[in-house]
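Since the structure comes first, as structure tokens, the remarks are kept for the end.
The residues of the chain are indexed from 1 along the displayed sequence. Read the numbers this way: they start at 1 and go in the same order the structure lists the ligands and their atoms.
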Amino acid sequence: MSARVYLDHNATSPLRPEARRAMEPYFGEAFGNAESLHFHGQQAKAGLERARRTCAGVLGCDPREVVFTSGGTESLNLALRGIAWARRLTGKGMRIVLSGLEHAAVRETARSLEDQGFDLVVVQPLADGRIDPARFASALDDWTAAAALMYANNETGVIQPVSEALEACRHLRIPLVVDAVQAPGRLPLNFGPHGPAALALSAHKFEGPKGAGLLRLKAGTLYQSHASGGGHEGGARAGTHNLAGIAGLAEALRLAEAEREAETARQGALRAEFEAQLKAAVPGLAIHGEAAPRLCNTVYVSIPGQASETLVNALDLEGISVSSGAACSEGTHTESFVLRAMAADDAQVRSAVRFSMGRSTSADDLRRAVECLKQKVS
Ligand code: PLP
């Protein structure tokens with residue numbers, strides 16, 4: 001049996017050796033608490049601030065705007081709650097505008113804010129998986145406390161019009177929360193001086209460790225922390241720093257950005273070849289978001305007549321790890337709300353499979369996946 005093929009990088013990615021090496025000192029001699037005044041504390045603090053500068057360099061922001069968290073979900077919770085409540089309490093509005101494509105980390109946070117009296121406006125995507133920037137802009141008004149638009153969707157890979165949304169928000173002075181969790185190594189992260197009020201990243205999506213994330217909180221953004229405790233991270237996120245995780249995150253982010261151009265070109269070429277092979281091998285196959293700009297690594301297909309779980313299991317038995325794309329909790333498959341929002345039909349929703357590549361993906365891996373699907377459907 002040949003080695004397994006991993007095509008589920010949008011779910012998580014393996015820890016790269018350079019990130020692991022950057023983490024190692026913090027499991028050993030550099031164990032100090034970055035808040036302590038003595039030698040061990042200062043050693044940890046130096047590592048923390050080095051990591052912060054590295055991340056700020058990639059994001060093109062001031063290091064003081066970098067808040068380390070435990071991952072994408074925490075970053076997005078802190079951002080949306082912290083900004084919405086700070087704006088509400090200063091009389092700046094109680095409406096939250098978000099796209100109908102947002103990850104549960106944003107969607108559920110917005111729903112819980114709705115329970116607390118906020119009013120939600122959800123902007124649904126066009127059939128190609130993209131949010132219409134004009135529709136997003138027209139949902140904003142001067143009672144909007146915060147807006148949220150993801151940079152790229154985790155299921156379809158469709159890239160969203162964040163620059164246009166930023167421009168519209170800037171005119172009305174509305175803070176935009178950007179879920180950029182799927183972007184590192186695939187899209188530029190430096191938005192220049194007019195970047196989003198909040199931008200969230202998660203290390204395990206770009207070959208860093210699990211349990212480490214980042215929130216870029218732009219200077220001047222009204223924000224109220226929702227985690228009580230010590231005054232860590234400028235008061236934005238209380239709790240002793242996960243130094244090893246932070247060091248691994250910074251190194252993985254630096255490398256993802258340094259390799260971005262070469263990797264996006266390589267994976268883009270692989271994706272084009274893979275899609276051509278899939279279409280030739282599987283009659284009736286649909287590629288979701290095909291007409292829209294998409295991440296170089298993501299291919300989300302439906303194969304009418306097949307069930308998602310059956311396809312995922314069949315590929316798994318052949319040594320290929322893929323996903324149905326939609327959320328799974330405790331092994332239970334739920335249908336994709338993203339495909340529903342894109343007005344996909346029932347047969348397509350039930351038969352969706354997502355392939356997501358990473359740095360280790362080769363043309364051979366993708367050929368194996370095509371061969372397996374071909375056998376399954378014939
Ligand atoms: N946002 C997007 C687009 C994601 O794909 C994910 C993870 O699946 C998250 C947020 C949550 O990130 P984390 O797993 O670090 O909590």
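- Of all protein heavy atoms, the one closest to atom 4 (C) of ligand 1 is His103 CD2, 3.4 Å.
- Below 30°, between 30° and 60°, or above 60°: for Phe274 and Phe355 the angle between ring planes is above 60°, a perpendicular geometry.
- Atom numbering of ligand 1 starts at 1 in the shown order; those under 4.0 Å from a heavy atom of Ser202 are 13 (P), 15 (O).
- The protein heavy atom nearest to atom 5 (O) of ligand 1 is Gln182 NE2, 2.9 Å.
- Among protein heavy atoms, the minimum distance from atom 1 (N) of ligand 1 is reached at Asp179 OD2, 2.6 Å.
- Both Met342 and Ile131 belong to a single network of hydrophobic side chains, linked directly or stepwise wherever heavy atoms of I, L, V, M, F, W or Y lie under 4.5 Å apart.
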Might you work through the side-chain contact (heavy atoms from CB on, under 4.5 Å) test for Asn154 and His103, ending with a clear yes or no?
-> CA-CA 8 Å; Asn154 45 302; His103 185 271; 4.0 Å; yes

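- Within the 4.0 Å heavy-atom shell around ligand 1 one does not find Lys210.
- For the pair Val181 and ligand 1, the shortest N or O to N or O distance does not fall below 3.5 Å.
- Comment: Arg21 does not engage Glu24 in a salt bridge, judged by the lack of any side-chain N to carboxylate O separation of less than 4.0 angstrom.
- Of all atoms in ligand 1, listed by their number and element, those nearer than 4.0 Å to a heavy atom of Met150 are 3 (C).
- Using a non-hydrogen distance threshold of 4.0 Å, Lys205 registers as a contact of ligand 1.
- Any N or O atom pair closer than 3.5 Å counts here, and His204 shares at least one such pair with ligand 1.
- Taking every non-hydrogen atom of Gly71 and a distance limit under 4.0 Å, the qualifying atoms of ligand 1 come out as 15 (O).
- With respect to the salt-bridge test (charged N to carboxylate O, under 4.0 angstrom), the residues Arg111 and Glu114 do not qualify.
- A salt bridge links Glu290 to Lys279: at least one charged side-chain nitrogen sits closer than 4.0 Å to a carboxylate oxygen.
- Between His232 and His241, the ring planes are perpendicular. Angles over 60° get that label, and only those under 30° would be called parallel.
- Residue-ligand proximity, Thr73 to ligand 1, at heavy-atom distances under 4.0 Å covers atoms 11 (C), 12 (O), 13 (P), 16 (O).
- Each of Thr361, Ile320, Val299, Val5 was checked for a side chain to side chain contact (heavy atoms under 4.5 Å, CB included) with Leu366, and the lone residue meeting it is Thr361.
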